[in-house]
Amino acid sequence: MTLNTEDILKNLNENQTEAVTTEAQHALVLAGAGSGKTRVLVHRIAWLIAAEYVSPYSILAVTFTNKAAAEMRNRIAFMLQREIRDMWIGTFHGIALKLLQINTEAAGLPKNFQILDSDDQYRLIRRCLADLELDEKQWPPRTIQAFINDQKNDGLRAHEVEDFGDHNNQTLIKVFGHYDDHCQRAGLVDFAEMLLRAHELLLNDQAVLQKYRQRFSHILVDEFQDTNAIQSAFIQLLAGAQNKVLVVGDDDQSIYAWRGARVDHILDFQNLYANTALYKLEQNYRSTQTILDAANGVIANNKKRLGKNLWSAQEKGDPVGVYGAHSEFDEAFFVGEKIESLLAETTSADDIAILYRSNAQSRLLEEALLKRSIPYQIYGGLRFFERLEIKDVLAYSRLVNNRHDDIGFERVINTPTRGIGLKTVNLIRNYAQMQQSSLWQAAQTLIQEKKLTQRAATSLAAFINLIDELESNNQDQPLEQLFSDVIERTALKDHYLKEPPEKAQTRLENLDELINAAETFVISEEDAALGLTPLAAFLAQVSLDAGDTSQVNEPHVQLMTLHSAKGLEFPVVFIVGMEQGLFPHQNSMEDFNKLQEERRLAYVGITRAEKQLFMSYATSRRMRGKINACQPSQFLREIPKELIQQIRGNIHPTQYVSSPQTRTPYQSQRQTVPDSPYQIGQTVRHNSFGEGVITDMSGKGDYLQVLVQFNDVGPKVLAVKFAKLEIL
Ligand code: ATP
Ligand code: MG
């Protein structure tokens with residue numbers, strides 16, 4: 001079939017066409033968000049195949065996620081109307097792994113080498129510490145893990161790390177070396193090793209290098225601003241003097257410095273690669289002018305930028321809707337309500353995304369969507385109650401609630417490890433089957449009948465004791481007390497803390513959020529009438545919600561962290577939690593470079609929106625068990641005022657007082673809900689919780705909910721229809 005190459009160019013502007021058809025050896029497309037960089041890359045590949053008769057076999061394309069790779073492959077196949085099997089397209093890790101698998105021997109690996117995930121790596125590091133007789137307290141395994149991975153990301157082996165002569169550094173280097181020796185002997189490859197080893201493979205084996213240099217005449221990389229040292233070196237080595245490299249990226253969207261990515265690689269590209277043509281794309285096709293101006297307003301506050309002129313031919317569009325919520329509940333309510341009204345118009349759920357800074361923020365948003373039966377998915381992650389740490393704590397709680405819960409038992413019997421091995425677990429399983437009993441009963445019988453080794457019996461008895469104590473200590477205690485007890489007494493917290501820092505932090509934030517959920521949980525009248533305990537009611541609610549998953553093909557709202565939104569676009573975007581300390585994140589506020597990276601993340605978030613953008617903050621939010629008064633994010637104030645429509649509240653508080661006419665109808669409706677006697681600030685009394693003050697309200701009619709700060713029991717969200725509150 002002959003292919004009309006003009007078709008490949010027909011939907012490109014002049015600058016894009018120049019980049020796609022470039023005759024320069026190397027090309028750098030440096031342009032702002034939504035200007036068609038990814039589109040250029042995809043069309044360039046199609047162009048190479050159709051117009052320059054380059055075999056797909058000779059093309060290597062690097063994307064940021066596996067999903068993006070699959071999408072790109074499809075788009076090219078569609079454009080060319082044929083399959084393009086031989087082309088290599090994938091993430092840096094995927095490509096490195098493939099190289100190692102094909103060239104195991106040259107890479108110095110056994111045929112059946114194994115991949116070490118982060119947990120395996122951690123465990124191995126602990127073993128190495130034991131081998132070297134180093135105390136884990138003084139040498140925390142996760143610090144060592146981070147050290148090793150950082151060095152590898154920078155392309156360094158143990159003997160290459162600079163030895164400053166200080167004991168601390170020397171010890172780190174020693175463990176690194178020992179760990180690497182062990183991996184080598186056992187044929188183990190961790191994630192950072194994949195890249196380093198693939199780079200070394202090319203560096204040390206001329207035959208292999210020549211083979212791939214000859215093969216990949218064209219190398220293309222998307223999101224180049226987020227490459228780390230070893231990735232950048234890998235591309236340079238493979239390119240050699242002859243091959244052609246095209247990279248696309250945006251210095252303003254570099255958001256992975258914390259993983260070793262360096263924006264310098266894109267800034268230095270022209271120096272590293274002679275004969276580079278630079279292409280700048282200035283037209284943004286994604287967003288309205290308003291959204292673009294908002295993004296530009298924010299990013300203009302960063303220093304050391306290349307600077308770009310980005311414009312949109314699209315209409316001005318709606319202003320950015322900013323909602324200042326009373327609390328995190330009110331925020332989630334706003335998002336749920338707004339989405340419901342959008343869906344009632346013409347918007348499809350697929351067109352909507354909710355972005356947040358921290359994973360734990362998803363819980364209340366999920367709840368708000370579930371309440372309205374709006375299908376949703378967590379992009380690239382798990383729903384709140386499906387997350388490992390949440391399931392662990394709930395599994396313990398389920399056992400406390402019902403000892404015969406076999407699933408809970410299996411999950412936590414040896415999590416965290418307490419010396420109950422698979423052999424013992426199998427024995428319990430078989431015994432339970434034989435005597436037709438629960439695992440719990442079987443375990444007890446096995447102990448009584450002395451059918452276990454002394455060691456196994458002691459560990460198992462301690463486990464049984466632990467669960468019994470968790471129950472007896474928490475009789476008549478609030479639910480949150482049980483959850484925090486589980487977290488502390490089972491040593492789960494320490495268990496997660498041994499993981500790499502970012503992962504551990506996310507898990508602990510999720511656990512904090514679980515405590516928040518328990519604190520504000522109120523058992524419904526129906527459940528109470530059925531005689532359910534708050535724990536049983538809470539667990540039942542979680543199971544019900546978990547069963548409420550939408551069909552795969554059904555349109556659904558996407559929830560995701562700002563980091564995982566990179567490269568994506570949606571007609572309607574909500575960015576929630578726009579507060580100082582949350583976004584910019586607490587850990588980044590004091591540090592100039594980190595703050596700049598947070599701002600780039602805000603820029604990434606804003607530029608995901610095509611038509612409508614809503615941003616929200618709460619003036620009070622529960623975090624780590626405390627209610628904090630919160631300030632709107634500085635990034636909100638960096639958006640030019642005239643682009644914002646303040647739906648409620650005011651990010652410029654001084655004006656708020658002096659110009660009451662800026663209050664919107666929505667706002668007054670929120671302070672006092674029509675046809676309801678309740679108001680924010682009112683003191684109320686509840687039959688069992690006592691006195692408290694209403695600090696937030698959401699919903700109307702039968703769905704009206706209030707958040708009450710009770711003097712004795714803290715905050716509770718109550719449906720007024722059932723709560724029978726007395727106004728004092
Ligand atoms: P990001 O920086 O967020 O990764 P990007 O620069 O890669 O963005 P693309 O995702 O390639 O931008 O393009 C943004 C949107 O604009 C896409 O929907 C794309 O299809 C559209 N687009 C790009 N160029 C054109 C064009 N010439 N005509 C019409 N639509 C275009
Ligand atoms: Mg892109």
Going by distance alone, is a donor N or O of one side chain under 3.5 Å from an acceptor N or O of the other, for [X] and [Y]?
{"X": "Glu610", "Y": "Ser287", "value": "no"}
{"X": "Ser362", "Y": "Arg387", "value": "yes"}
{"X": "Asp485", "Y": "Asn474", "value": "yes"}

* Show your reasoning for whether salt bridge (charged side-chain N to carboxylate O under 4.0 Å, His left out) applies to Glu579 and Arg621. => CA-CA 10 Å; Glu579 294 142 37; Arg621 180 180 297 270; 2.7 Å; yes
* Centre of Phe409's six-membered ring, under 6.0 Å away, within 45 degrees of the axis: is that where NZ or CZ of Arg398 sits? -> no
* Counting distance only, does the side-chain N/O of His563 pair as donor-acceptor with the main-chain N or O of Ile255 below 3.5 Å? -> yes
Ionic contact status for [Y] with [X], cut-off 4.0 Å:
{"X": "Glu366", "Y": "Arg363", "result": "no"}
{"X": "Arg357", "Y": "Glu598", "result": "yes"}
{"X": "Glu569", "Y": "Arg608", "result": "no"}
{"X": "Glu513", "Y": "Arg622", "result": "no"}
{"X": "Asp468", "Y": "Arg403", "result": "yes"}

* **Any residue meeting salt bridge (charged side-chain N to carboxylate O under 4.0 Å, His left out) with Asp392, in chain and number order, not counting sequence neighbours** => Arg411
For atom [atom1] of [X], decide whether the heavy atoms of other residues, nucleotides or ligands shown that lie under 6.0 angstrom number more than 12.
{"X": "Lys493", "atom1": "NZ", "answer": "no"}
{"X": "Gln586", "atom1": "CD", "answer": "no"}
{"X": "Asn465", "atom1": "CG", "answer": "yes"}
{"X": "Ile407", "atom1": "CD1", "answer": "no"}
{"X": "Glu642", "atom1": "CD", "answer": "yes"}

* Asked: Once the angle between the rings of Phe538 and Phe385 is folded into 0 to 90°, is it parallel (under 30°), tilted (30 to 60°) or perpendicular (over 60°)?
  -> perpendicular
* Look at the rings of Phe583 and Phe635 and say which category their plane angle falls in: under 30° parallel, 30 to 60° tilted, over 60° perpendicular. => perpendicular
* **Counterpart residues, side-chain hydrogen bond (donor to acceptor under 3.5 Å, both in side chains), relative to Arg507 (two or more places apart)** => Glu389, Glu499
